[in-house]
Amino acid sequence: MLTEAKLYKLAASLRGRLLRPADGEYEEARKIWNAMIDRRPAVIVRCVAAADVAQAVLFARENNLVVAVRGGGHSVAGNAVCDGGLMIDLSQMKEIIVDGARQRAEAQPGATLADFDAATQATGLATTMGTVSMTGIAGLTLGGGI
C-alpha cells in the first residue's frame with residue numbers, strides 16, 4: 001500500500017518531481033501522443049537525472065508496483081503509461097551532446113527525433129533514425145521503429 005510516508009520519502013529522494021493524481025501537472029504528464037490510451041498511474045516520477053530513475057525503480061520494486069517508462073511520449077502502443085502503477089517519466093531528460101569532429105552523438109532518453117535532428121544538424125551531421133519527429137529516441141531504439 002502506498003502511504004503518505006512512503007510517498008514523502010520517495011519525493012525527498014528525487015531531484016525531479018513526484019506527481020500524484022491531485023497534482024496540477026499530473027494530467028498532462030500522464031498523457032501520451034496516442035490519445036486513445038487513457039491510463040492513470042498511481043504516481044509519476046518526473047526524472048531529471050539517472051539517480052531519479054534508480055530511486056523510482058527501487059520504490060516500485062519495494063512496493064510491488066507495475067512500471068511504465070515514458071521516453072519522448074509518442075508510445076503508439078501505450079507502453080509508456082500504466083493503470084495504478086508507477087510511471088517513470090524521462091521526458092525532461094533531453095540533453096544531447098554532439099561531437100562533430102568524431103561524428104558521434106549521445107542523447108538522454110527523453111529526447112525526440114526532432115531534438116536529435118536539431119542538435120546534429122547544427123554541427124553539419126545527420127542521421128537515419130525513424131520517420132516521425134515526435135518519436136522518442138529511447139522507445140524507437142528499444143521497442144520499435146524501422
Side-chain angles (χ1 to χ4, degrees), residues 2 7-63 65-146:
L2 295 180
L7 293 173
Y8 180 82
K9 184 177 177 183
L10 173 60
S13 73
L14 301 171
R15 285 182 46 205
R17 298 231 12 232
L18 176 68
L19 300 177
R20 300 183 232 182
D23 294 329
E25 294 175 53
Y26 174 87
E27 284 300 317
E28 191 61 32
R30 74 177 185 86
K31 291 180 184 174
I32 57 174
W33 178 84
N34 183 354
M36 292 182 359
I37 308 295
D38 186 26
R39 298 185 184 138
R40 303 185 70 77
V43 292
I44 300 171
V45 175
R46 293 201 100 174
C47 302
V48 297
D52 289 345
V53 179
Q55 287 297 324
V57 170
L58 180 63
F59 184 84
R61 186 179 74 201
E62 289 173 348
N63 291 280
L65 295 172
V66 170
V67 173
V69 180
R70 173 191 171 132
H74 194 238
S75 193
V76 172
N79 297 329
V81 63
C82 58
D83 274 325
L86 186 146
M87 178 180 179
I88 299 174
D89 182 357
L90 305 173
S91 66
Q92 306 297 301
M93 298 175 66
K94 294 177 166 273
E95 183 179 17
I96 300 167
I97 300 169
V98 180
D99 182 341
R102 294 179 62 211
Q103 296 186 342
R104 295 182 190 259
E106 294 178 22
Q108 289 186 323
T112 64
L113 298 185
D115 299 326
F116 193 80
D117 285 344
T120 55
Q121 289 171 9
T123 63
L125 299 175
T127 186
T128 55
M129 184 172 33
T131 58
V132 178
S133 62
M134 294 183 300
T135 301
I137 290 174
L140 179 67
T141 303
L142 299 174
I146 299 171

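Treat the numbers as computed from the prediction; the structure is a model and nothing was measured.
- Side-chain atoms of Phe116 and Val98, non-hydrogen and from C-beta on, never get closer than 4.5 Å to each other.
- A distance-only check finds a donor-acceptor pair linking the side chain of Arg70 to the backbone of Ala29 [under 3.5 Å].
- Between Leu7 and Phe59, some side-chain heavy-atom pair lies under the 4.5 Å cut-off.
- The nearest pair of heavy atoms linking Ile96 to Ala111 is CD1-CB, 4.0 Å.
- Atoms CG and CG, on Leu2 and Leu86 in that order, are 8.5 Å from each other to the nearest 0.5 Å.
- Proximity of a side-chain donor or acceptor of Asp115 to a complementary backbone N or O of Thr112 within less than 3.5 Å is detected.
- Counting non-hydrogen atoms of other residues, nucleotides and ligands closer than 6.0 Å to CD of Gln103 gives a total of 12 or fewer.
- Note that CD1 of Ile88 is 7.0 Å distant from CG of Leu90, once rounded to the nearest 0.5 Å.
- Of all non-hydrogen atoms in Met129 and Leu113, the two that sit nearest each other are O-CD1, 2.9 Å.
- Heavy-atom minimum distance, Ile37 versus Gly78: CG1-CA, 3.8 Å.
- Annotation: salt bridge (charged side-chain N to carboxylate O under 4.0 Å, His left out) contacts of Arg61 (sequence neighbours excluded): none.
- In this structure, CG in Leu125 is found 11.5 Å from CG in Asp117, a value given to the nearest 0.5 Å.
- Arg40 contributes no side-chain N or O that, together with a main-chain N or O of Pro21, makes up a donor-acceptor pair within less than 3.5 Å.
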(message) Go through it in stages, so that I can follow the logic: the residues are Val69 and Asn79, the test is side chain to side chain contact (heavy atoms under 4.5 Å, CB included), and I'd like the CA-CA distance, side-chain angles, deciding distance and then a yes or no.
(response) CA-CA 7 Å; Val69 180; Asn79 297 329; over 6 Å; no
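- In this structure, the separation between OH on Tyr8 and CG on Leu18 is 12.0 Å, given to the nearest 0.5 Å.
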Please tabulate, for the side chains in residues 42-55, all donor-acceptor contacts under 3.5 angstrom to protein atoms that are two or more places apart in sequence or on a different chain.
| unit_1 | atom_1 | unit_2 | atom_2 | d |
| --- | --- | --- | --- | --- |
| Arg46 | NE | Asp89 | OD2 | 3.0 |
| Arg46 | NH1 | Glu25 | OE1 | 3.4 |
| Arg46 | NH2 | Asp89 | OD2 | 3.3 |
| Asp52 | OD1 | Arg15 | N | 2.8 |
| Asp52 | OD2 | Gly16 | N | 2.9 |
| Asp52 | OD2 | Val48 | N | 2.9 |
| Gln55 | OE1 | Ser13 | OG | 3.4 |

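- The two residues Ala138 and Pro109 make their nearest non-hydrogen contact at CB-O, 3.5 Å.
- Shown here for Tyr26 and Arg20, the closest heavy-atom pair between the two residues is CB-O, 3.2 Å.
- Remark: Arg104 engages Arg102 in a side chain to side chain contact (heavy atoms under 4.5 Å, CB included) (not counting sequence neighbours).
- Rounded to the nearest 0.5 angstrom, Leu65 CG and Met87 CE are separated by 14.5 Å.
- The backbone N or O of Ala80 sits less than 3.5 Å from a side-chain atom of Ser75, completing a donor-acceptor pair.
- When every heavy atom of Arg39 is checked against every heavy atom of Pro41, the shortest pair comes out as O-CD, 3.6 Å.
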